[in-house]
Amino acid sequence: MAKGQVHASELAKKQKQISVAEFFEKNRHLLGFDNARRALLTTIKEAVDNALDACEEARILPEIFVELIQLDDKRFRVIIEDNGPGIVKKQVPNIFARLLYGSKFHKLAQTRGQQGIGISASVLYGQLTTGKSATVLTKTDAHKKAYGCKVKIDTLNNMPEVKDEIEEDWEEKDHGTRVEIDLEGSYHKGRQGVDEYLKQTAIVNPHATIIYTDPNAEQIIFPRVAQSLPPEAREIKPHPYGVELGILMKMMQMTSEKTLGAFLKNSFERVSPKTMKEICQNSALLPTMKIKAMTREHADKLMKGIARSKIMAPPTDCISPITAELLEKGLRKEINAEFYCSTTRPAAVYRGNPFIIEAAMAYGGEQLSDKSVRIMRFANRVPLLYQQGACSITGSVQQTSWKSYGLQQSRKQIPVGPCTMVVHMGSVWVPFTSESKEALAAYPEIEKEVRLALQECGRKLASFVRKKKRIKDEAKKRGFITKYMPHVAEALQELLGITDIEKKDVEDKLAEILKADRGELKEIKIDNPDYDPEFAKIGREPETEENSESEEEEESSTKKAKQQKLDF
Amino acid sequence: MADKKITENEVTKKIAEIAKKVYNKIVLIEKPDLVLPIRSLSNVTYDEKEGYFRILNKEKVRTLGANTIKTFAQTLRMMSLSKDLISSEDIATKREAYYVSKNWGDARFKEQPESDTVMDDIEAMLRVNREQIGFVPEEKGGAVAGELVVIDKDSDTGKRLEIDCTKFGSGAYSVPSSVEHLSFKTKAKFVLAIETSGMFERLNKHKYWRKSNCILVSMGGVPTRACRRFIRKLADEQKIPVYVFTDGDPYGFGSIYRTLKVGSGNAAHINQYFCVPQAQFIGITPNDIEDYKLPTHPLKDVDMKKIKDLLKNDPFIKHYKPWQKALVKMAKMKVRAEQQALAKHGLNYVIDTYLPEKIKNPKTWLP
């Protein structure tokens with residue numbers, strides 16, 4: 001052994017199990033806890049997402065209380081309470097105090113809180129920053145007592161620790177869940193703040209009432225405006241095109257089917273007996289083959305066979321759009337603009353997952369024309385406030401050529417103009433770039449659909465911008481008339497020696513002639529009865545206060561805007 | 001002008017008439033309009049008998065509307081200025097007229113070309129020469145040297161002045177902007193009109209006019225109205241031929257020579273007086289480029305365009321086969337030659353060889 005080389009046994013001494021807490025601490029940014037401001041938002045987001053999902057699954061119109069209490073400089077208490085179905089006693093510790101435990105991860109349905117690390121991450125974060133447990137109170141039935149406890153995570157073993165269990169009446173609720181988490185945080189308004197998140201959530205979830213009390217003890221109520229729940233998120237089986245080898249092998253292990261043929265037919269979408277035969281043929285495997293006898297090599301062959309087979313696209317009726325109408329309505333409430341438009345694309349498929357893209361735009365009015373356009377992103381009715389630059393929605397906006405639609409744009413940049421763009425992706429599986437669930441991954445199919453949706457809106461926008469320009473030109477021409485009319489009259493006076501009264505008569509008659517010629521001037525003005533200035537103000541930063549901790553993304557986007565100005 | 005049809009009094013009357021028509025329309029709440037002859041080659045025909053571009057009857061009607069109100073107002077104000085000038089027997093240069101407009105507030109002209117265009121419009125509308133509406137150009141009429149005595153009169157005393165154009169030494173007599181009152185005494189055999197002042201200087205310095213008993217006129221590019229009128233009057237009264245010597249390029253043929261001989265499309269209503277039908281083109285022709293082995297420059301895109309345009313749209317060129325042949329030939333040669341290119345054979349080759357040969361041999365001319 002060469003000098004200086006370390007023996008494996010030495011190394012082995014250093015190799016030990018990493019505790020959950022350590023892993024968490026080192027990967028905070030992946031999970032959405034990279035700074036105090038974002039940690040606060042992520043916690044509220046996880047809790048509200050869960051509450052909305054739970055209510056919808058139980059077909060209850062959601063009513064959600066969010067309360068933020070500032071305990072000291074850095075510490076906050078977050079309280080979220082819903083009127084959902086409640087949680088059975090046995091599940092409480094697992095849901096709140098066990099990382100990577102959940103019901104939604106293995107399921108393909110259009111829900112909010114899939115594939116995230118879940119509320120338990122927030123509990124852990126609170127525990128790490130304040131040392132305190134989370135307090136949970138839940139009630140499943142009007143006739144039963146509510147169950148309460150304090151939960152903590154045993155960070156070494158990733159196991160819940162429960163104490164102070166109680167039972168109480170909780171008379172004001174028939175059913176529901178309340179959770180309190182103390183954590184270190186930082187409260188700000190602005191585009192990436194809690195207020196903005198709740199507002200956007202209210203816009204795209206009109207069937208929910210959200211009652212929010214901010215750290216200044218001011219209460220904001222987002223009342224329910226739609227009395228019906230969105231269609232139930234229907235679960236679908238995976239589509240063969242969407243599975244990877246590991247998942248396929250796991251499915252083969254878990255299945256209760258005996259043969260390969262039955263497994264294919266019953267565990268996947270769109271596998272008819274005919275398709276099943278085709279897959280088997282293409283994989284050179286027999287449909288009668290015993291599932292339990294299949295090896296990794298067999299699974300590999302099966303994957304290749306699937307890729308070679310022509311399989312119908314998955315059903316898309318399991319995706320429910322927010323609807324173009326509703327998106328536009330939300331925009332009208334938020335932004336006082338001159339023009340609104342929206343569109344819902346037909347459902348499409350990426351990697352076997354059905355999805356749907358919707359877009360809406362608001363143009364002109366009170367928006368600034370020398371700033372980059374504002375992009376509002378949503379995935380399964382959840383607002384995405386961070387990582388705009390990493391998101392494929394932003395990418396699609398940049399790839400679209402906006403000049404022909406009436407916005408300014410430097411090459412492959414976010415366009416500049418008085419415009420807000422909203423894009424929503426609904427899918428059984430939203431491909432986030434990381435567990436913090438703030439940016440969509442760039443799949444060509446998704447980018448294409450986003451682009452098409454933006455272009456559809458863009459065409460409507462362009463016709464409006466053109467119309468506006470026409471009217472502006474017309475107004476300019478009319479300006480010409482009033483500008484030069486007196487000169488015609490004056491020249492005639494000089495040439496013919498007419499009196500001042502006659503000269504005035506000439507001017508009046510000229511005005512009459514030219515007005516008759518051009519007709520009435522159409523006016524473009526803000527015509528938006530839906531606009532709610534109080535609502536729009538929510539989440540906006542106070543204008544005088546400089547926000548030093550403003551997210552770097554915002555900074556970089558203004559930098560980009562400056563850059564663009566230089567380019568023109 | 002020899003047969004001035006419209007007296008100055010009539011001009012003011014005509015201006016008043018047009019203004020009255022506009023006024024009457026407005027009072028009836030109808031859109032007034034101004035009728036202008038179209039000022040371009042599309043509105044002229046080459047009259048071979050008379051020897052110039054005769055104006056046709058195409059007109060454009062400028063109706064008052066949002067798009068035209070500015071020019072409409074400016075035209076009326078310019079007409080008013082013209083009326084004032086005539087009645088006070090004053091004149092204004094084109095540049096002065098432009099500055100007068102600076103007093104019109106919003107209706108003022110931004111650049112002089114705008115006011116020049118309006119002026120040309122009024123001139124054409126009234127079918128008069130711009131001197132008759134009180135406007136004079138700044139540009140010089142050209143330079144003259146040689147065997148000629150110009151008879152003018154002193155503007156103060158009215159005394160007869162005899163100006164001997166042989167007595168300017170290395171300088172030259174300058175053609176005034178108005179030439180109607182001039183008369184001439186000469187024994188010269190011909191007039192030589194020259195495109196560039198450089199070539200004029202050379203010929204003057206070496207007293208070419210004495211050697212070949214002629215009158216030299218430098219046009220300095222496209223000849224001004226005064227220059228055209230001067231040459232015409234001189235040639236008519238003295239019954240001597242006019243030879244034209246330009247660069248061998250489409251601009252020399254189509255703009256300088258053609259305008260001198262038959263007038264322009266822009267001021268077609270006065271071509272009758274401002275043309276020299278007896279002019280003959282002696283060089284430099286495309287054939288000369290070959291015959292005299294002249295050094296050349298390649299034709300630029302604008303030159304090729306000019307050739308195409310001349311062949312397609314110029315009624316004068318379209319009338320003369322030899323010109324079409326010459327232009328087609330030049331297009332094929334893809335080269336042009338300047339007057340000064342003759343210096344290749346020696347600085348005075350043009351005096352000793354080229355001009356004498358060319359003038360002796362009318363077969364080498366172009367019509």
Side-chain angles (χ1 to χ4, degrees), chain A residues 338-339 364 369 406 462-525 568, chain B residues 11-34 62-88 100-110 114-115 118 122 125-126 133-134:
Chain A
E338 289 157 8
F339 172 76
S369 54
S463 93
F464 173 80
V465 173
R466 276 198 298 272
K467 187 171 141 205
K468 194 176 169 184
K469 190 171 174 291
R470 257 202 319 276
I471 290 171
K472 215 169 139 192
D473 289 350
E474 178 63 27
K476 207 170 148 196
K477 277 187 185 167
R478 274 161 210 250
F480 268 26
I481 293 172
T482 44
K483 210 166 166 187
Y484 297 117
M485 232 161 43
H487 291 282
V488 174
E490 195 163 337
L492 286 175
Q493 186 178 34
E494 285 168 9
L495 283 164
L496 299 171
I498 55 175
T499 62
D500 285 351
I501 296 167
E502 284 168 321
K503 183 183 156 198
K504 182 82 188 49
D505 185 46
V506 166
E507 280 189 39
D508 292 346
K509 287 190 167 142
L510 269 176
E512 209 172 313
I513 292 166
L514 292 166
K515 197 179 165 193
D517 189 25
R518 304 210 72 84
E520 285 301 311
L521 183 63
K522 264 180 268 161
E523 249 186 282
I524 285 195
K525 49 176 194 270
F568 288 125
Chain B
V11 175
T12 46
K13 233 169 146 187
K14 252 186 139 175
I15 291 175
E17 250 171 57
I18 291 168
K20 189 78 194 165
K21 252 169 85 185
V22 169
Y23 176 73
N24 288 342
K25 279 259 190 174
I26 294 174
V27 173
L28 293 172
I29 317 186
E30 281 172 28
K31 281 195 221 166
D33 49 35
L34 296 171
R62 186 176 288 160
T63 309
L64 183 66
N67 293 323
T68 57
I69 188 163
K70 186 176 181 186
T71 349
F72 209 92
Q74 287 171 330
T75 308
L76 287 174
R77 294 213 76 152
M78 192 68 116
M79 281 164 62
S80 166
L81 171 63
S82 164
K83 193 187 144 217
D84 285 352
L85 288 171
I86 296 168
S87 54
S88 61
V100 170
S101 87
K102 293 292 184 191
N103 200 25
W104 299 346
D106 291 328
R108 68 180 170 269
F109 296 106
K110 279 204 190 78
E114 293 175 26
S115 72
V118 168
I122 295 172
M125 184 163 64
L126 301 170
I133 52 172

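Numbers restart at 1 for each chain; the letters A, B, ... are given by sequence-line order, proteins then strands. Hydrogens, waters and symmetry mates are skipped; everything else that's a heavy atom, side chains included, is used. All values derive from a computational prediction rather than experimental measurement.
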As a quick check of understanding, evaluate side chain to side chain contact (heavy atoms under 4.5 Å, CB included) for A/Ile513 and B/Glu30, giving each step before the final call.
CA-CA 7 Å; A/Ile513 292 166; B/Glu30 281 172 28; 5.8 Å; no
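- Taken to the nearest 0.5 Å, the CG atom of A/Leu492 stands 10.0 Å off from the NZ atom of B/Lys20.
- The 12-atom threshold is exceeded at CG of A/Asp473, counting heavy atoms of other residues, nucleotides or ligands nearer than 6.0 Å.
- In this structure, the separation between NZ on A/Lys477 and NZ on B/Lys70 is 14.5 Å, given to the nearest 0.5 Å.
- Residues A/Leu496 and B/Ala16 come closest through the heavy atom pair CD2-O, 3.7 Å.
- Summarising the geometry of A/Tyr484 relative to B/Asp106, their closest heavy-atom pair is CE2-O, 3.1 Å, with the distance given to 0.1 Å.
- Going from atom CG of B/Asn67 over to atom CD1 of A/Ile481 covers 9.0 Å, rounded to the nearest 0.5 Å.
- For the set B/Gly105, B/Ser80, B/Gly65, the count of heavy-atom pairs under 4.5 angstrom toward chain A peaks at B/Ser80.
- Between B/Phe72 atom CZ and A/Leu510 atom CG the span is 8.5 Å, to the nearest 0.5 Å.
- In this structure, chain A has no heavy atom under 4.5 Å from any part of B/Gln74.
- In this structure, B/Leu76 CG and A/Gln493 CD are separated by 13.0 Å, a value rounded to the nearest 0.5 Å.
- More than 12 heavy atoms of other shown residues, nucleotides or ligands fall within 6.0 angstrom of atom NZ in B/Lys102.
- Here the straight-line distance linking atom CD1 of B/Ile69 with atom NE2 of A/His487 works out to 9.5 Å at 0.5 Å rounding.
- Residues A/Glu494 and B/Lys83 are not paired through a salt bridge, judged by the lack of any N-O separation under 4.0 Å between the basic side chain and the carboxylate.
- Both the backbone and the side chain of B/Ile26 have a heavy atom closer than 4.5 Å to some heavy atom of chain A.
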